[in-house]
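Shown next, in structure tokens, is the structure this report addresses.
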Amino acid sequence: MKYLIKLCDRFGLLQSELDYHFLRASMVVIFLFFGYQKWWEYEAQALIPYISNGPLIFWMYPVFGIRGATYFLGVSEWVFGALLFWGFWNKTAGVLGALGGIGSFVSTTTIIPFIPGAWAASAGGFPAMTETAAFLMKDLVLLAVSFYLFKQDLMRVSVPARKTDLPTIEPSETLDITQRQAG
């Protein structure tokens with residue numbers, strides 16, 4: 001283990017923000033591809049059982065229709081991905097993109113208990129998942145990543161504000177303090 005730690009330290013992995021940037025880039029790519037899928041009929045049809053049984057998103061079909069709901073989701077995912085991408089340079093945009101991700105993945109993970117056929121009856125039901133529940137389980141990890149990015153970006157946005165709240169000592173004041181202590 002010590003060798004692994006030294007090796008990671010030598011390559012700067014323990015001091016860098018590689019993990020933070022890698023997670024952000026991964027979420028940008030995921031939102032790009034997820035959003036792209038929503039523009040096709042096959043995806044609109046595949047999402048019917050999920051959206052219909054989602055306690056937070058069931059309203060989308062009566063409001064937008066089947067294709068309109070998937071277009072809405074696709075545009076939302078692209079907006080969240082774009083905000084996360086912009087978050088590389090602008091942490092406020094990163095906060096907004098991460099909040100969108102949190103909302104998106106809370107909406108999808110809450111489908112799990114309500115979607116029919118999620119648990120394999122042939123294996124005794126819960127916790128034996130079918131592909132329906134397994135498909136949604138990935139969203140728990142994506143929710144965790146979105147929360148991590150939200151927290152990290154919010155901390156980075158708030159640090160400059162916290163620094164300005166603290167009293168600052170000018171270099172000339174430091175000299176005065178040093179001279180008083182010496183004298």
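- Within 6.0 Å of CH2 on W40 lie no more than 12 heavy atoms contributed by other residues, nucleotides or ligands.
- Both Y20 and L23 belong to a common hydrophobic cluster when Ile, Leu, Val, Met, Phe, Trp and Tyr are linked at side-chain heavy-atom distances under 4.5 angstrom.
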Which donor-acceptor pairs under 3.5 Å do the side chains of residues 115-130 make with protein atoms, sequence neighbours left out?
from : atom 1 : to   : atom 2 : distance (Å)
T130 : OG1    : G117 : O      : 2.6
T130 : OG1    : A118 : O      : 3.1
T130 : OG1    : T132 : N      : 3.3

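- For the atom pair NZ (K2) and CG (D9), the distance works out to 14.5 Å, reported to the nearest 0.5 Å.
- Not counting sequence neighbours, F33 has no partner by the ring-ring contact (aromatic ring centres under 6.0 Å, His included) test.
- By the salt bridge (charged side-chain N to carboxylate O under 4.0 Å, His left out) test, K91 is found to be paired with no residue, residues two or more places apart in sequence or in another chain being considered.
- Applying the ring-ring contact (aromatic ring centres under 6.0 Å, His included) test to F11 and every residue at least two apart in sequence or in another chain returns nothing.
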Inset, instruction - Give the intermediate values and the outcome of side-chain contact (heavy atoms from CB on, under 4.5 Å) for residues Q152 and R156. - result: CA-CA 6 Å; Q152 293 298 316; R156 285 165 170 78; 2.8 Å; yes
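- At least one donor-acceptor pair under 3.5 Å links the side chain of T110 to the backbone N or O of V106.
- With sequence neighbours excluded, no residue forms a salt bridge (charged side-chain N to carboxylate O under 4.0 Å, His left out) with E131.
- Connection of M1 to L13 is not established within any shared hydrophobic cluster, with ILVMFWY side chains joined at heavy-atom distances below 4.5 Å, either directly or through further cluster members.
- Closest approach of A44 to Y61, counting heavy atoms only: O-OH, 4.1 Å.
- Around atom OH of Y3, no more than 12 heavy atoms belonging to other residues, nucleotides or ligands sit under 6.0 Å away.
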Could you list the donor-acceptor pairs under 3.5 angstrom formed by side chains in residues 136-149, with sequence neighbours left out?
from : atom 1 : to   : atom 2 : distance (Å)
K138 : NZ     : F135 : O      : 2.9
D139 : OD2    : T108 : OG1    : 2.6
S146 : OG     : L142 : O      : 3.0

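- The side chain to side chain donor-acceptor pair (under 3.5 Å) check on D19 picks up nothing, with sequence neighbours excluded.
- When hydrophobic side chains of Ile, Leu, Val, Met, Phe, Trp and Tyr are connected at separations under 4.5 Å, F114 ends up as a singleton with no cluster partners.
- Residues that satisfy the side-chain contact (heavy atoms from CB on, under 4.5 Å) test with S26, not counting sequence neighbours, are F22.
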Check residues 62-69 and write down every donor-acceptor pair under 3.5 Å in which the side-chain atom is one partner and the other belongs to a residue at least two apart or another chain.
from : atom 1 : to  : atom 2 : distance (Å)
R67  : NH1    : E41 : OE1    : 2.7
R67  : NH2    : W39 : O      : 3.0
R67  : NH2    : Y71 : OH     : 3.0

Return all side-chain donor-acceptor pairs below 3.5 angstrom for residues 77-86, not counting sequence neighbours, or 'none' if the list is empty.
from : atom 1 : to  : atom 2 : distance (Å)
E77  : OE1    : G35 : N      : 3.1
E77  : OE1    : K38 : NZ     : 3.2
E77  : OE2    : K38 : NZ     : 3.4
W78  : NE1    : L32 : O      : 3.0

Show me, pair by pair, the donor-acceptor contacts under 3.5 angstrom made by side chains of residues 48-58, not counting sequence neighbours?
from : atom 1 : to  : atom 2 : distance (Å)
S52  : OG     : I48 : O      : 2.7
N53  : ND2    : P49 : O      : 2.7

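- One distance of note links CG of L47 with CD of Q37; it measures 8.0 Å at 0.5 Å rounding.
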